[in-house]
Amino acid sequence: YPDIDDSLIVSKPEGNTNLYTAPRLAEWVGIDDLFLKHEGENPTGSFKDRGMTGGVTQARALGMTRVACASTGNTSASLAAYAAQAGIEGIVFFQNKDIALGKLSQAIAYGATCIQINADFDRNLELVREVSEKLGIYVLNSLNPFRLEGQKTIMIEAMQQLRWQAPDWIVVPGGNLGNSSAFGKALSEMHCLGLIDRIPRIAIIQAEGASPLVSSYEPRPDSTNYERGRDELNPTKAETIASAIKIGNPVNFPKAVRALRLTNGVVESVTDQEIMDAKAMIDAVGIGCEPASACSLAGTKKLVESGVIQRGESVVGILTGHLLKDPDATIGYHSDQLKNLHANYPNQLHQADGNTEEIIAILQQK
Ligand code: F0G
């Protein structure tokens, strides 16, 4: 932080997450080289901490005493934790339907002012901006540029872990498109600085029921043309089991388009079925992630099948959040109780009375 007094910096610290090799998952999607960077290993369980350190530090530098966000879950926990550490008030606008309960519990526990509002994420983001402007509150959703500057470190760290040998592809889930935007900026800056000798292509993966980028983005042959404002977003009403990315009107759309043009990127969508099956695979090799994060693997698989990603190309997939998010989806999947979904890779829960015979019978059956 140039020009910011050390005493103002709020950090836990974040980052230093693992970059896993995953040969079994590579085989499942049909490529030779797959790495998964696990951002769920950050202090509050998601990549949000990467940017929240910068955002809350900037709030303090500006003398703000209140910070706010709308959230599908992870941002709320991160904001609440960093605000608590900084000794300022955190405020979270939650939706009141299908709330990510574990995340609400984190925000409540860290002492944030939590408001459940009868509106979806997209409306809550409008509301938090309006209310914050009236009351002089600092908004820390990913429209905040200091957040995105922090999220660039995911890419910088990944390249360092790969000894500055850029992979062919970066595959990332897309919701509000903050990560996609930050990644494009980080990669092009690293390339300009000579830290990497080529720019990996970004693949942004959305859930089919929340894919406004996929339906709005049109690649142009002149992929170097990334001026803002020439592409139009068609917002949608979002619906997906991947709670984190249930977003129909992403605020970072223009920046994400820029990132796509800078990196010769692609966009793709995957169904909830594909998301949950990919998640089951990631979980079953002991890495684990939340549903939204599994877009990275599900999207890689789909892009390999359609020939966009070639078997010999290397892929870094970003796992954005922790396995403990959305436990209902995980348990529902493995017990095959999810509406319109089938558990293709189930691990069924067993029931037994409190005697050895029944338990032994179960274990002998396996
Ligand atoms: N993955 C996870 C686990 C997330 O929590 C989010 C966003 C995304 C992906 C999408 O990232 O917005 O940069 O495209 N979660 C926000 C929240 C909206 O409130 O926690 P993006």
Side-chain angles (χ1 to χ4, degrees), residues 17 37-42 44-52 55 68-81 90 92-95 98-100 102-104 106-107 112 114 120-122 124-125 128 139-144 147-148 150-152 154-155 170-186 202-207 210-214 238 240-253 255-256 259-260 267 270 275 279 282 288-299 317-326 329:
T17 59
K37 187 152 176 68
H38 207 323
E39 289 301 301
E41 294 172 350
N42 276 294
T44 73
S46 81
F47 72 85
K48 305 289 178 178
D49 298 340
R50 299 263 189 183
M52 209 51 82
C69 70
S71 181
T72 58
N74 284 319
T75 307
S76 72
S78 186
L79 175 138
V92 182
F93 288 34
F94 275 108
Q95 62 202 36
D98 304 326
I99 199 161
K103 289 290 157 177
L104 172 63
Q106 263 179 301
C114 297
D120 62 9
F121 172 82
D122 295 301
N124 273 341
L125 188 49
V128 79
V139 178
L140 279 175
N141 279 98
S142 60
L143 52 104
N144 184 302
R147 281 240 349 244
L148 297 191
Q151 286 169 217
K152 276 163 45 183
I154 301 171
M155 280 303 102
I170 303 292
V171 186
V172 61
N176 228 355
L177 303 176
N179 263 341
S180 313
S181 306
F183 290 6
K185 186 161 190 266
I202 291 183
I204 305 175
I205 314 299
Q206 298 200 295
S211 53
L213 176 68
V214 177
T240 168
I241 194 163
S243 65
I245 51 172
K246 202 167 122 183
I247 296 172
N249 189 13
V251 287
N252 291 303
F253 175 76
K255 292 183 187 172
L260 285 164
V267 295
V270 288
I275 289 172
K279 171 179 151 58
I282 296 165
C289 66
E290 69 164 280
S293 310
C295 278
S296 297
L297 189 70
I318 309 301
L319 301 181
T320 45
H322 199 279
L323 168 68
L324 286 175
K325 172 109 178 279
D326 300 334

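All of these numbers come straight from a predicted model, not from anything done at the bench. For ligands, and for the atoms within them, numbers begin at 1 and follow the listed sequence.
Here's the thing with N176: one of its N/O atoms is less than 3.5 angstrom from an N/O atom of ligand 1. On a distance-only criterion, T72 and ligand 1 share at least one N/O pair closer than 3.5 Å. The shortest N/O to N/O separation between T75 and ligand 1 falls below 3.5 Å. Polar contact check, S71 against ligand 1: a nitrogen or oxygen pair lies under 3.5 Å apart. Looking at A292 next to ligand 1, no N or O pair under 3.5 Å apart turns up. Considering backbone and side-chain N/O atoms, T320 comes within less than 3.5 Å of an N/O atom of ligand 1.
Comparing E290, K246, K48, H322 against atom 3 (C) of ligand 1, the shortest heavy-atom distance belongs to E290.
No donor-acceptor pair under 3.5 Å is formed between the side chain of E39 and the backbone N or O of I154. Without hydrogens or angle criteria, S296 side chain to I318 main chain gives a donor-acceptor distance under 3.5 Å.
From the protein, the heavy atom lying nearest to atom 11 (O) of ligand 1 is F47 CZ, 3.6 Å. Scanning all protein heavy atoms for the shortest distance to atom 5 (O) of ligand 1 gives N74 ND2, 2.8 Å. Atom 13 (O) of ligand 1 has N179 N, 2.8 Å as its closest protein atom, hydrogens excluded (heavy atom only). Of all protein heavy atoms, the one lying nearest to atom 4 (C) of ligand 1 is A244 CB, 3.3 Å. Protein heavy atom in closest approach to atom 8 (C) of ligand 1: I245 CG2, 3.6 Å.
For ligand 1, the atoms lying closer than 4.0 Å to a non-hydrogen atom of G175 are 10 (C), 12 (O), 14 (O), 21 (P). In the vicinity of G178, heavy-atom distances shorter than 4.0 Å reach the ligand 1 atoms 12 (O), 13 (O), 14 (O), 21 (P).
Assignment of G73 to the shell around ligand 1 is supported, since a heavy atom sits closer than 4.0 Å. The closest approach between a heavy atom of G174 and any atom of ligand 1 is below 4.0 Å. Within the 4.0 Å heavy-atom shell around ligand 1 one finds I247.
With sequence neighbours excluded, the residues forming a side-chain contact (heavy atoms from CB on, under 4.5 Å) with A112 are A80, V92, C114, listed by chain and number. Taking the salt bridge (charged side-chain N to carboxylate O under 4.0 Å, His left out) definition, one finds that K279 meets it with D283, sequence neighbours left out.
Neither the backbone nor the side chain of N252 comes within contact range of ligand 1; no heavy atom lies under 4.0 Å. At a heavy-atom distance under 4.0 Å, only backbone atoms of L177 (N, CA, C or O) approach ligand 1.
Atom-to-atom distance recorded for L213:CG and S180:OG is 7.5 Å, nearest 0.5 angstrom. Note that the CG atom of L143 and the SG atom of C69 stand 10.5 Å from one another [nearest 0.5 Å].
With K103 as reference, N74 is the one residue of D326, T75, N74 to meet the side-chain hydrogen bond (donor to acceptor under 3.5 Å, both in side chains) rule.
Side-chain contact of Q151 with N179: a donor-acceptor pair under 3.5 Å is present, judged by distance alone. With 3.5 Å as the limit, one finds a donor-acceptor pair spanning the side chains of N252 and S142.
Here the side chains of K246 and D98 are in contact, with some heavy-atom distance below 4.5 Å. With contacts defined as side-chain heavy-atom distances shorter than 4.5 Å, the pair M155/K185 does not qualify. N42 has its side chain within reach of T17: a pair of non-hydrogen atoms, C-beta onward, lies under 4.5 Å apart.
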